[in-house]
Amino acid sequence: MSNSFRENIYRTYLDFIEIAETRRHWNVFNDIPWERLDPAKVTDLTVRAIEIYCAEEMYVPDYSAEGLRMLRSDFGMAWFHTCWASEEARHGLVFREYLTRSGLRSDAQFAALEKAVFSHTWTLPFKSRRQMACYGALQEGVTYTAYKAQKDRARESKNEVLEAIFHYVGCDEAAHAGFYRAILKLELEEDREGTVADLGMVLANFKMPGDGLIPDYRKRLNSSGCGISARAFVETVVSPMLVTLQIARSELKPQGLKPRNLRSA
Ligand SMILES: [Fe+2]
Ligand SMILES: [Fe+2]
């Protein structure tokens, strides 16, 4: 890695952390209107959706350890990863608090969920920093899209607590996706052909982190309606990303746009 590339990654991290610490960070205890908690305002479908989101966020120990092992010699990326991991941990915590404070899930049910989650280990789906940046941009985009839909549903049902939760968590996911897109811009400047090839390969093999780890992941996503369709994946995540990165769809051939392993929901 050249010194200028390393410096640009560091600057990108610095922009990310400055905005996070001065404008974006929020607090599970003070920023959520817990006093307005009303379990009657949430459907069983939404409860099951939040449980899956919570389980997926709970793999933070694996996300942190695996990511940091790969990025440890790269200051900008490694320090981003530590901040990212603490934000993802906050997401798992706020979902957990919502389900338990509202009485929708008991402590015993959560203990069973933890046991199920930690009986499996998440490992890096791709081996290089650049491939994982491609994966991060896509995965965070999917997560943001799913949470935005949940925020809209919460607003419609006048569930202020859930609306606030999905607002704050969604802002974090959008910031994560933005960081990875900024890194990919730098990667493209450094090696356009290699970066486009990596993006095509990651797209062709894309699946969410919980897919294959959380029992019955796809079935549960479909039954709770909390995933996004393959079509929405292309239209709301992939296409805008390609526009931002100024990559033509034709450049991604032969893999094309459609991922093989994306859940359909
Ligand atoms: Fe998250
Ligand atoms: Fe995220």
Side-chain angles (χ1 to χ4, degrees), residues 12-13 15-17 19-21 23-28 31-32 46 49-68 70-71 76-99 113-114 117 122 124-126 129 131-151 154 162-184 202 206-211 213-214 217 220-221 224 226-228 233 236-238 240-241 244 263:
T12 304
Y13 160 69
D15 288 344
F16 172 87
I17 195 74
I19 291 171
E21 298 210 336
R23 285 188 257 157
R24 184 169 54 77
H25 277 170
W26 52 281
N27 184 307
V28 171
D31 293 324
I32 308 297
T46 303
I50 296 170
E51 192 174 52
I52 298 172
Y53 297 145
C54 188
E56 201 156 37
E57 302 276 8
M58 278 164 66
Y59 284 93
V60 167
D62 296 334
Y63 301 151
S64 309
E66 292 272 314
L68 284 173
M70 180 178 68
L71 301 167
M77 291 302 289
W79 262 246
F80 163 78
H81 202 74
T82 60
C83 178
W84 172 88
S86 88
E87 293 183 8
E88 299 298 357
R90 193 175 297 134
H91 301 170
L93 179 64
V94 80
F95 289 143
R96 181 192 178 116
E97 285 297 296
Y98 180 79
L99 293 174
L113 180 70
E114 276 179 30
V117 164
W122 180 86
L124 290 176
F126 301 99
R129 183 202 66 225
Q131 289 165 357
M132 283 307 295
C134 295
Y135 181 73
L138 293 167
Q139 183 274 124
E140 298 288 351
V142 170
T143 308
Y144 167 76
T145 305
Y147 289 174
K148 168 78 169 57
Q150 293 289 345
K151 185 178 107 170
L162 220 42
E163 185 184 348
I165 289 174
F166 280 111
H167 166 73
Y168 287 118
V169 174
C171 285
D172 290 348
E173 309 298 13
H176 300 164
F179 175 83
Y180 283 120
R181 283 196 301 270
I183 293 299
L184 287 180
V202 171
F206 182 83
K207 62 179 186 177
M208 289 298 282
D211 195 347
L213 286 181
I214 297 170
Y217 181 78
R220 289 168 77 179
L221 276 185
S224 63
C226 66
I228 72 166
F233 175 68
T236 64
V237 179
V238 181
M241 185 171 130
T244 303
R263 68 208 183 194

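Each ligand, and each atom within it, is numbered from 1 in the order the structure gives. Just so you know, residue 1 is the first one in the sequence shown, and it goes up from there. When reading the values below, keep in mind they use all heavy atoms of this one structure, side chains included, and skip hydrogens, waters and symmetry mates. Remember, it's a predicted structure, so these values are computed and weren't measured experimentally.
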Margin query: Is it the case that the side chain of E57 and the backbone of H91 share a donor-acceptor pair, with hydrogens and angles ignored and the cut-off at 3.5 Å?
Written below: no

Margin query: Can a donor-acceptor pair be found, under 3.5 Å and without considering hydrogens, that links the side chain of E66 to the backbone of L124?
Written below: yes

Note to self: Which atom name would you report as the N, O or S atom of E140 nearest the Fe ion (ligand 2)?
What the structure shows: OE1

Check: Can we call the ring centroids of F233 and F206 under 6.0 Å apart?
Finding: yes

Checklist line | For R129, side-chain hydrogen bond (donor to acceptor under 3.5 Å, both in side chains) partners two or more places apart | finding: E187

Note to self: My understanding is that only residues two or more places apart in sequence, or in another chain, count here; which of them pass ring-ring contact (aromatic ring centres under 6.0 Å, His included) with Y180?
What the structure shows: F80

Note to self: Which of the protein's N, O or S atoms come within less than 2.8 Å of the Fe ion (ligand 1), not counting waters?
What the structure shows: E57 OE1, E57 OE2, E88 OE1, H91 ND1, E173 OE2

Item checked: Partner set under ring-ring contact (aromatic ring centres under 6.0 Å, His included) for F126, not counting sequence neighbours -> Y135

